[in-house]
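Reading through the structure tokens given below for one structure.
Atoms within a ligand are numbered from 1 in the order they appear, just like the ligands themselves.
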Amino acid sequence: MKIIAVYSSKGGVGKTAAAVNLSYASSCRGKKTLLCDMDPQGAASYYYRVRAKGKFNKKQFLKGNLEKNIRQSDYPNLDLLPAHFSFRNLDLSLEKGKSNELKKIFSSLAEEYDALIIDCPPNISLLSQNIIIAADQVLSPVIPTTLSIRALAQLIKFFDKIGANRKKLRAFFSMVERRKNMHVETVRSYRKKKVFLRTLIPYLADVEKMGITRAPVGATHSGSPSAVAYDRLWMEISKRKAMS
Ligand SMILES: Nc1ncnc2c1ncn2[C@@H]1O[C@H](COP(=O)(O)OP(=O)(O)O)[C@@H](O)[C@H]1O
Ligand SMILES: [Mg+2]
């Protein structure tokens, strides 16, 4: 099982949109996929119309009681571990100084799934540290603006600080608008850097509409530019050595 965490310290950069659509792309490509919603706001769970079972909460999660709380999505090969509001302070319950607790928790799923995709909350915390250590790849959406590039630079420093392997970090440009000069210029200057994947995700109305359709773009707009972009992004990630 490969663990891919969609992470950024910034909110509103397209993490949830990516986690939802990449998990769908992965399942369509025949991989048994689990989308784990770690953001207490539960947007990924909402998009997939899935809610946590009555007793599922932070305590259950930390005890590793995952399997019985996993829910099926409406799509073949794709399951969800929904978020719970109590996840907002998961951080406080992780043991100080330990960064491998999540890795242990997820290891029980290794036989069942080919891919585990994590939709992360936006902050830099002990939880993020645990997620980064557990992940085989950390995928970070970057809106092509100065501040987002800065957040990526900070993330690279954070990797060094916690002793995580920089090689597992990959960024992609997210919500790219061609009519904005700053976007075009930023993409041009940074795209060739090793940390960036080639695929970029344009700003597209289909993605915004997921809030209404409550389905991944591939399910409602199969073959559309948005669905194709996420599928390409998935193919680029899954081709990487760490994924084989
Ligand atoms: N490629 C895109 N094109 C248009 N809107 C997008 C795109 N990606 C995300 N959005 C919208 O931007 C907002 C923030 O995206 P979201 O994925 O929730 O970000 P995050 O999880 O990083 O906070 C949402 O309203 C979402 O619908
Ligand atoms: Mg989100």
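Remark: the backbone N or O of Val207 is not paired with any side-chain donor or acceptor of Ser226 at under 3.5 angstrom.
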When you check ligand 1 against the protein, what N or O pairs turn up below 3.5 Å? List the atom names and distances, or just say none.
from: ligand 1; atom 1: 1 (N); to: Pro202; atom 2: O; distance (Å): 2.9
from: ligand 1; atom 1: 3 (N); to: Leu204; atom 2: N; distance (Å): 2.9
from: ligand 1; atom 1: 3 (N); to: Leu204; atom 2: O; distance (Å): 3.2
from: ligand 1; atom 1: 17 (O); to: Thr16; atom 2: N; distance (Å): 3.3
from: ligand 1; atom 1: 17 (O); to: Ala17; atom 2: N; distance (Å): 2.9
from: ligand 1; atom 1: 19 (O); to: Gly14; atom 2: N; distance (Å): 3.1
from: ligand 1; atom 1: 21 (O); to: Thr16; atom 2: N; distance (Å): 2.9
from: ligand 1; atom 1: 21 (O); to: Thr16; atom 2: OG1; distance (Å): 2.9
from: ligand 1; atom 1: 22 (O); to: Gly12; atom 2: N; distance (Å): 3.4
from: ligand 1; atom 1: 22 (O); to: Val13; atom 2: N; distance (Å): 3.0
from: ligand 1; atom 1: 22 (O); to: Gly14; atom 2: N; distance (Å): 3.1
from: ligand 1; atom 1: 22 (O); to: Lys15; atom 2: N; distance (Å): 3.0
from: ligand 1; atom 1: 22 (O); to: Lys15; atom 2: NZ; distance (Å): 2.8
from: ligand 1; atom 1: 23 (O); to: Gly12; atom 2: N; distance (Å): 2.7

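Note that CG of Asp160 and CG of Asn165 are 10.0 Å apart. Values are rounded to the nearest 0.5 Å.
Listed by chain and residue number, nothing satisfies the side-chain hydrogen bond (donor to acceptor under 3.5 Å, both in side chains) test with Asn77 (two or more places apart in sequence, or in another chain). Shown here are the side-chain hydrogen bond (donor to acceptor under 3.5 Å, both in side chains) partners of Arg49, two or more places apart in sequence or in another chain: there are none.
Both tests hold for Lys32 against Tyr113: distance to the six-membered ring centre under 6.0 Å, angle to the ring axis within 45°. Annotation: cation-pi geometry satisfied between Arg214 and Tyr46 (NZ/CZ under 6.0 angstrom from ring centroid, within 45° of ring axis).
Separation of the Phe173 and Phe196 ring centroids falls under the 6.0 Å cut-off.
Near the Mg ion (ligand 2), less than 2.8 Å away, sit the protein N, O or S atoms Thr16 OG1.
Side-chain atoms of Ser148 and Lys10 form no donor-acceptor pair, as typed in the model, at a separation below 3.5 Å.
At a threshold of 4.0 Å, the pair Glu236-Arg198 does not count as salt-bridged, since none of the basic side-chain nitrogens sits closer than that to a carboxylate oxygen.
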